[in-house]
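Here's the structure we're looking at; comments come further down.
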There are 2 protein chains.
Amino acid sequence: MENKEITIYDIAKALNISPSTVSRGLSNHPAINTKTKNKILKTAHDMGYQTNKFASNLRKKTTNTIGVIIPRLDSLFMSSVIAGIEKVANNAGYNLIISQSLESEKKEKNNALTMYNSRVDGLIVSLSNGTRDYSHFKKFIDKGIPLLFFDRIAEELPSTKVVIDNFRAGYTATQHLIEQGCKKIFHITNDMHRNVYRDRFEGYKKALIDYSIAFKEELFVINDMTESAIVNYIEDEIVKKQNVPDGIFLTSDSSAAVAITTLRHHGFSIPQDIAVVGFNNDIISKVTEPPITTINYPGVEMGETVARILLNHFTGNGNLNLTNTVVLNTDLIVRKSSLKS
Amino acid sequence: MENKEITIYDIAKALNISPSTVSRGLSNHPAINTKTKNKILKTAHDMGYQTNKFASNLRKKTTNTIGVIIPRLDSLFMSSVIAGIEKVANNAGYNLIISQSLESEKKEKNNALTMYNSRVDGLIVSLSNGTRDYSHFKKFIDKGIPLLFFDRIAEELPSTKVVIDNFRAGYTATQHLIEQGCKKIFHITNDMHRNVYRDRFEGYKKALIDYSIAFKEELFVINDMTESAIVNYIEDEIVKKQNVPDGIFLTSDSSAAVAITTLRHHGFSIPQDIAVVGFNNDIISKVTEPPITTINYPGVEMGETVARILLNHFTGNGNLNLTNTVVLNTDLIVRKSSLKS
DNA sequence: TTGTAGGCGTTATCAG
DNA sequence: CTGATAACGCCTACAA
C-alpha cells in the first residue's frame, strides 16, 4: 500500500538530468529552458510527484502558513471572520492553522507557542477574555513575525489592529434608546478586561452623561452572556425584584434575542415596556418578534481586511507600520425592538 | 532583530554533549540520564530553544496535523463541529489546518491537494454540494492516510463516516406535522446530490406515503436556502400564487426562522395556518415567535466524535475499520411553531 | 547512557 | 541554462 514517496531525484533519474534542474522546473525558476521545464512538469505529473513541504519549508524558512487564535469558533461572528480570513489566505496560497483559546489565557499561551513552533509566517489573534499579560506574543515581535489583532486587541502592543469603533457604537446604540424616550437603560455585557466591551460600556456611559441621565453602577451587568446567564439575570433581577428598565442595550444579538424571548414570556411588551438594542447584526436579529435593532458589525469584511493587510506585508505592498490601526465602519440598524414612537 | 535560530547543536555545544543526547533529552527518550535530561531542558529553556517542526516532520514523516475541509465556516452548525474537532485535537497535541470548499468541487479538490502536500496525518471532510467525483481522495486512501467524513459523506468511499440518521430525522419531522393534522406539507431543502438532504427528503416522502398522503413533485423545493432564496420563494410561490401549505418542513433552522418571519409578515398565523419544522436546534430556533420545532443535531458532539475516532486510530486504540459508520442520535424537539392542537 | 554518522527532500550557491 | 555540492534542523541506527 504505502507506495514510496516520489522525489525530485526520481524525476531527475527518469529524465537523466540533475535534481536541481528538476527543482527549478517545478518552481518556475526564470533560468530554465521551457522545453526542459515542460518535460519535467509532465514527468512529475505522470509519476504522481507531490512536493514535500517540510523539506521545502526547512530549506526556505518560510511556511506559507498563517496562524489564527480566537476565543471560540462556534460563534457566528468569529466564524464569519475566519471565513473571511480563509478566503483571502487561500486565494493567495496560504494555509490557515486555527486554534481556540476558549477564553483561557493558559490555552492561548499554549496555542501561541504551538503556532510559533509551527513557524507560521504571521499570526492573527483575537484575545481571550482571560488574557492579562501578553508575554506569549513577545517571541513573535522579537523575531519579526507579523502579529495582527482584530476585534479583541492588545492595545499596548505595537501591532496592526483591525477594529470597529466600539465606543462610538456603544454611544450610538445608547443615544438611540434615549431618543426613544428611555430613561432607565440597562447595559448587559461581558468581561470588561477587553477593549471591546469596555469601550462599548464607555460609549454607553458617555451617552447617558451627555443626555443628563445619571449613570448608576446597578444599571450595568456583566456576565458571560450565555443563554442561561441572560435568562437567569432577567428572571432573578428584573422579574422577581421588579427592577424593570425601559430600555436594554446588550452587546450581542443572540443575548438580545434571548432577552426579548424571556421578557415577553414574562408578559413584557417589547418595545413598549422595554426597548432593546443588540449588537452584530447576526441573522438572529432579523427573525425575532419584534426584530432587533442592532449595530452592524461586518465580520467577513474584518477577516478579509486583516488577512489582506498581512498578505500585503508579505508581498511588500502596503506597510504594516503605516496602517497601525484600521477602524471599520459600523452603523445602527433600527428595527422594531427599539421603536417606541 | 532577527536573532538566529537556536538549534539542538547550540545546546549541545553549550553543554559539551552531543546533539543526539540533546535530542533525546528534549523528546523524553527512555535511555537518558535524568540529570542530563534536566540539564538539557533547563539550558534549552534558558537559551530560548524552540523545536523546528519541519526538520522534525521531515525526519519523522509525521506532522501532528489534521486537515479539515468543510463547505463553509460561517455556519453555526459547521463552526460547532469544528469547535468540537479543535478541542479534541488540540488536547492531544494536534494542529488543525482548515479550509473551505465554498460548495465548489474545484476548490475542494484544490484544498485536498494542499492538505496532501502538507502531509496531514489525517483528513476530515464534509463534502461540498458541488462535488460529484471523489478522485481527489484517492491519494489519501492509496497512501493509507486516514480519511473521515462527517455530515455530508461520500457513501461510495471505504472511509469512516460520522452521521445522523437523516432519513429517520426527515421521517420524524414529517410524521410530526402529519400528526398535527397537516395534509399539504411543503419541503424546502438544498441540493439533493448529498446524502444529507436526499435522505431527509426520502424520510419526508416515506412518511407521506405511510400516512397515505400523496407525494407530488411540486411539494418540494430545492434552493440554496439563503435568506433571500427563502424570502423569494415564499413571496413568489406561496403568497402571490396563493399556493398555501398547511405545513412546511425546512432543513435548517435559520431558513425556518426566515420563513416564519416572512409568512407572518404576509399575514399568516404560525402554526394555525401553517405549521413549521426546522432542523439543527440552533439557538435561533428558540427565539423566534413562535419558537421552532426542530431536530436536535449535535454539532459539537459530531466534531468530537470524528476527531476522537481519528486520534484513536493514531494511537492504535479502536479500529477505523470496525467503526465504519457512526450514527449519532437526534431527537425531535417540539416547540410551538408546529403545535396546531 | 552517550556519541557518530548519515539521511529526510528541497533549494541556494557557485561553477561551468 | 544546467550540474554538483552543501546546508536547512532533527532523528535514529549503530557503535562505543
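Here is how names work: the chains are called A, B, and so on, in the same order as the sequence lines, proteins then strands, and each is numbered from 1.
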**Message:** Testing the basics here: between B:D133 and B:H136, what is the closest heavy-atom pair and its distance to 0.1 Å?
**Reply:** O-CE1, 3.1 Å

**Touch class at under 4.0 angstrom, heavy-atom based, for A:F54 against every strand present** = nothing

**Message:** Expressed as a whole number of angstroms, how long is the span from B:N117:CG to C:dT10:P?
**Reply:** 10 Å

**Asked** Quick one: which of D:dC10, D:dT2, C:dT11 gets closest to the side chain of A:R59?
**Response** C:dT11

**Request:** Ignoring backbone atoms, test whether B:K61 places a side-chain nitrogen or oxygen under 4.0 Å from the OP1 or OP2 oxygen of C:dG9.
**Result:** yes

**Request:** For A:Y9 and for A:T34, find the nucleotide of DNA chain D with the closest heavy atom, then tell me which residue's nucleotide is more 5'.
**Result:** A:T34

**Message:** Check the orientation of B:Y94 and B:F314. Use parallel for under 30°, tilted for 30 to 60°, and perpendicular for over 60°.
**Reply:** parallel

**Message:** Tell me the interatomic distance from A:L26, atom CG, to D:dT2, atom P, rounded to whole angstroms.
**Reply:** 14 Å

**Asked** Is A:I32 touching bases, backbone alone, or none of the nucleic acid, heavy atoms closer than 4.0 Å?
**Response** sugar-phosphate

**B:D10 (side chain) donor-acceptor with B:T7 (main chain) under 3.5 angstrom** = yes

**Message:** Just the rounded figure in Å: distance from C1' of C:dT2 to NZ of B:K13.
**Reply:** 19 Å

**Asked** Among the nucleotides D:dG3, D:dG9, C:dT1, which one has an atom lying closest to any side-chain atom of B:L58?
**Response** D:dG9

**Request:** Please determine, for the side chain of A:Y49, which listed nucleotide (C:dT1, C:dG3, C:dT10) has the closest atom?
**Result:** C:dT10

Review item, side-chain donor-acceptor pairs of residues 42-50 of chain A, under 3.5 Å, at least two apart:
| from | atom 1 | to | atom 2 | distance (Å) |
| --- | --- | --- | --- | --- |
| A:K42 | NZ | A:D46 | OD2 | 2.6 |
| A:T43 | OG1 | A:K39 | O | 2.7 |

**Message:** Output the rounded distance in Å from CG (B:N52) to P (D:dA7).
**Reply:** 17 Å

**Asked** OP1 or OP2 of C:dG3 less than 4.0 angstrom from a side-chain nitrogen or oxygen of B:T21, does that happen here?
**Response** yes

**Item:** Estimated bend of the helix from C:dT1-D:dA16 to C:dG16-D:dC1 (axis per five terminal pairs, rounded to 10 degrees)
**Value:** 30°

**Request:** Please state how far atom CD1 in A:I11 lies from atom P in D:dG3, giving the value in whole angstrom units.
**Result:** 14 Å

**Prompt:** Are B:L328 and B:V162 close enough, and set up right, to give a side chain to side chain contact (heavy atoms under 4.5 Å, CB included), and what steps lead you there?
**Reply:** CA-CA 7 Å; B:L328 300 184; B:V162 181; 4.2 Å; yes

**Request:** Please check if the side chain of B:N195 supplies one atom and the backbone of B:I153 the other of a donor-acceptor pair under 3.5 Å.
**Result:** yes

**Message:** By nearest atom, which of the nucleotides C:dT4, D:dC10, C:dC8 is closest to the B:S20 side chain?
**Reply:** C:dT4

**Item:** Distance, rounded to the nearest Å, where B:K60 contributes NZ and D:dT12 contributes P
**Value:** 7 Å

**Prompt:** Is any side-chain nitrogen or oxygen of B:K35 closer than 4.0 Å to OP1 or OP2 of C:dT1?
**Reply:** no

**Item:** Distance test, side-chain N/O of B:S56 to OP1/OP2 of D:dG9, below 4.0 Å
**Value:** no

**Message:** Rounded to whole Å, please give me the gap between CZ in A:R24 and C1' in C:dA15.
**Reply:** 11 Å

**Request:** Report the nucleotide, chosen from D:dC10, C:dT2, C:dG9, that has the shortest atom-to-atom distance to any side-chain atom of B:T36.
**Result:** C:dT2

**Asked** Which nucleotide in the list C:dG3, D:dC10, D:dG3 gets nearest to the side chain of B:I8?
**Response** D:dC10

**Request:** Assign each of B:R119 and B:S18 to its nearest nucleotide of DNA chain C by heavy atoms, then name whichever residue's nucleotide is nearer the 5' end.
**Result:** B:S18

**Rounded distance in Å - CG (B:D10) to C1' (D:dC10)** = 13 Å

**Asked** Between B:F149 and B:F137, does the ring centroid distance fall short of 6.0 Å?
**Response** yes

**Nearest non-hydrogen partners of B:P71 and B:L127, listed with the distance** = CG-O, 3.6 Å

**Message:** Quick check: on DNA chain C, is the nucleotide nearest B:K37 upstream (toward 5') of the one nearest B:A55, or the reverse? Name the residue that is more 5'.
**Reply:** B:K37

